Amino acid sequence: MSDKVRVRYAPSPTGHLHIGNARTAIFNYLFARHHGGEFIIRIEDTDVKRNVAGGEESQLKYLKWLGVDWDESVDKVGQYGPYRQTERLDIYREYWRQLIDNGQAYRCYCTEEELEKEREEQSARGETPRYSGKCRRLSDADRARLEAEGRVASVRFRVPEGKTYAFDDMVKGEISFKSEEFGDFVIVKKDGIPTYNYAVALDDHLMAITHVLRGEDHITNTPRQLMVYEAHGWEPPIFGHMTLIVNESRKKLSKRDESIIQFIEQYDNLGYSSEALFNFITLLGWSPEGEEEIFTRERLIEIFDANRLSKSPAVFDTVKLNWINQHYLKGLPVEELAKLCFPHLKQAERLAAEPSEKELAWATALVTLYRDHLRYGAEIVPLSDLFFREEVVLEDDGREVLAEESVPAVLSAFARQLEAAGEANFTEENIKAAIKAVQKETGAKGKGLFMPIRVALTGQTHGPDLNGSIWLLGYGRVLKRLEDAAAGKLA
RNA sequence: GGCCCGUUGGUCAAGCGGUUAAGACACCUCCCUUUCACGGAGGUAACGGGGGUUCGAUUCCCCCACGGGUCACCA
């Protein structure tokens, strides 16, 4: 490839970073980095009404969170700026005026109501709704009259007749459309701002974009953009249309769909690892060559191959995401894992907002105890529930365990051992030793030894490491529960 | 409805004319473990249908079915 690869991610600042957009951004990023090219972020804010305050910042913030960086954008101005489309209106104007001057575009005075009516009539007749071309041949006099009526013009592109627009899609292969399928489309709205299809083509050319990697929902936009390139005498970039991410019903992820968590911010808030999410997103509609699935960002840059982009849509599988995330969490130093968990403990009021050293140590031990169980940070709260309940909730199989004849002896022996050691010596080491001593004293061992203790203290027959759990429960609580259980007071 | 795209186990997917049709997640079994989890070893499970082309089709072509996308002065 002689030209340097330049690709872009072009979000509209209409909301937070969505999982589908994040994937588009990530694949463009990987493609650029793999080829030693440049990655640009351009803000497509031409729909002024839909722009959301803070949308742009949020998009960039979470892209950064994911570990994506870029070479040019609103915050990193290069030689192709500005990078916000509404700041490029003067640039666009020159081009669309050219198109009007040479007859490749024309002013249209139709009102929204008129167009709506036209579309309805076409649909009623079973036709594909398409602009009729009513304003194609307006004379100067017609225009003067219409404008005198107070009508404001939009600008429409004059779609050539009898042409085929074909392109070799990077993922789908040859795709072609006949120009008859398209009505003259608006390139400049009444508010003077170009539409997406025009601005995008102009900017991709002006910013020297070599490859346009985007979602499959843009396939039918491509011929329109090809027409724009042609009208201006430009060489189009190479297009690649990635499959959509779909929900369990195999529908395109709609932003209102609540069956799946869709915004990157939410994953951050739930205590997901950004590396894990990056890794997971990468596996959505793309697959590496070997059998590995866990990759660092650097490794992905190395192995990313756009030829391996999938042709069929990918269902977003939360279960697999959780598996990957759990895998990453296991590899994290405890302090890092704690950072993902603590906010949730605090929110649940199980950890002070400004914890003391002792509280911090306790909470860290809690996180350590659940290290291998956690799929994401927020899970620490439901998982560790038993440490925050005053009363032991006895489960049915636990009841059976406590019904054993030898149980009271074991429990009271354990309590005596702990008391003999004293609260000051209440450490995991000594707890372990105490249990050993109980074994000697009562002759109970294995399940017969550990199960009664576990059930008496937690109410459950399963749970995290016992010694750690006992320590976390704390001296006082442990003794109280042992007494209650030994006395058969557990309901 | 027109146009475009797609269809390998429950899910993600490898495959690119000849394979016992990978692998991962999930599920099940066993091992490990004082329990659960982790880890380890196994197991169940797939080429939408019909025609061609070919000595031979999951793979190439056509038709059908199904699914999706798109038909805005939204991007």
Side-chain angles (χ1 to χ4, degrees), chain A residues 10-14 44-47 49-50 85 108 110-112 115-116 119 123 125-131 152-156 169 171-173 175-178 180-183 185-197 199-200 214-223 241 243-244 246 248-252 280 283-294 308 310-324 326 330 370-374 383 397 401 435 439 445-455 458 460-467 469:
Chain A
S12 343
T14 52
E44 309 218 319
D45 55 352
T46 54
D47 187 351
K49 295 175 294 293
R50 291 208 316 166
Q85 290 190 321
C108 169
C110 296
T111 64
E112 220 167 292
L115 293 168
E116 178 66 24
R119 277 196 293 268
S123 299
R125 269 179 270 135
E127 293 168 15
T128 302
R130 188 174 301 159
Y131 180 61
V152 181
S154 61
V155 180
R156 280 185 190 271
D169 192 277
V171 352
K172 307 269 188 187
I175 300 178
S176 70
F177 293 88
K178 297 201 164 45
E180 285 68 60
E181 294 159 25
F182 301 91
F185 53 93
V186 171
I187 57 173
V188 184
K189 298 177 277 189
K190 280 197 173 75
D191 62 7
I193 301 176
T195 56
Y196 162 76
N197 271 310
V200 80
R214 67 209 333 184
E216 186 168 50
D217 47 344
H218 284 291
I219 288 185
T220 47
N221 286 324
T222 308
H241 291 92
T243 59
L244 269 12
V246 296
E248 282 94 337
S249 323
R250 302 193 165 276
K251 293 269 200 299
K252 175 183 175 181
F280 173 71
L283 263 17
L284 245 29
W286 179 80
S287 62
E289 207 169 327
E291 289 174 1
E292 296 284 306
E293 290 194 311
I294 305 290
R308 299 186 65 83
S310 168
K311 288 184 182 186
S312 48
V315 174
F316 188 95
D317 184 0
T318 308
V319 175
K320 181 136 185 181
L321 197 217
N322 283 339
W323 175 79
I324 291 186
Q326 182 173 28
K330 276 187 288 192
Y370 283 104
R371 247 201 113 89
D372 292 335
H373 296 66
L374 283 168
L383 238 33
D397 45 356
V401 170
I435 295 178
Q439 179 178 351
K445 61 176 183 206
K447 278 193 187 181
L449 171 63
F450 292 95
M451 258 317 159
I453 297 178
R454 175 180 291 283
V455 173
T458 70
Q460 300 169 356
T461 54
H462 55 82
D465 174 70
L466 187 56
N467 294 326
S469 298

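Treat the numbers as computed from the prediction; the structure is a model and nothing was measured. A note on names: the letters A, B, ... follow the listed sequences, proteins ahead of strands, and every chain is numbered from 1.
Atom CD1 of A:I324 is separated from atom P of B:rU11 by 18 Å (rounded to the nearest Å). Rounded to an integer number of Å, the gap from NZ of A:K311 to P of B:rC47 is 21 Å.
Within the 4.0 angstrom heavy-atom criterion, only backbone atoms of the sugar-phosphate kind lie near A:E181; the bases stay farther away.
Residue A:T195 places none of its side-chain N or O atoms closer than 4.0 Å to OP1 or OP2 of B:rA75. For B:rA13, the OP1/OP2 oxygens have a side-chain nitrogen or oxygen of A:S310 closer than 4.0 Å. For the OP1/OP2 pair of B:rU33 and a distance below 4.0 Å, the side-chain nitrogens and oxygens of A:K447 include no atom meeting the criterion. Taking 4.0 angstrom as the limit, A:K172 places none of its side-chain polar atoms (N or O) nearer than this to OP1 or OP2 of B:rG6. The side chain of A:K320 contributes no N or O atom lying less than 4.0 Å from OP1 or OP2 of B:rA13.
Remark: A:K178 NZ is loosely packed, at most 12 non-hydrogen atoms of other residues, nucleotides or ligands lying under 6.0 Å away. Residue A:E116 places its CD atom among more than 12 non-hydrogen atoms of other residues, nucleotides or ligands, all under 6.0 Å distant.
Side-chain proximity of A:Y196 to B:rA26, B:rA14, B:rA75: nearest is B:rA75.
The gap from the C1' atom of B:rG23 to that of B:rA14 amounts to 7 Å, rounded to the nearest Å.
Within the shown strands, B:rG6 is the pairing partner of B:rC66 under the Watson-Crick or G-U definition, both distances less than 3.5 Å.
A donor-acceptor contact under 3.5 Å is formed by the side chain of A:H373 with the base of B:rC36. In this model, a side-chain donor or acceptor of A:N221 finds a partner on the base of B:rA75 within 3.5 Å. In the interface, the side chain of A:K190 is paired with the base of B:rC73 through a donor and an acceptor atom under 3.5 Å apart.
The heavy-atom pair separating A:I175 from A:K172 by the smallest distance is CD1-CB, 3.7 Å.
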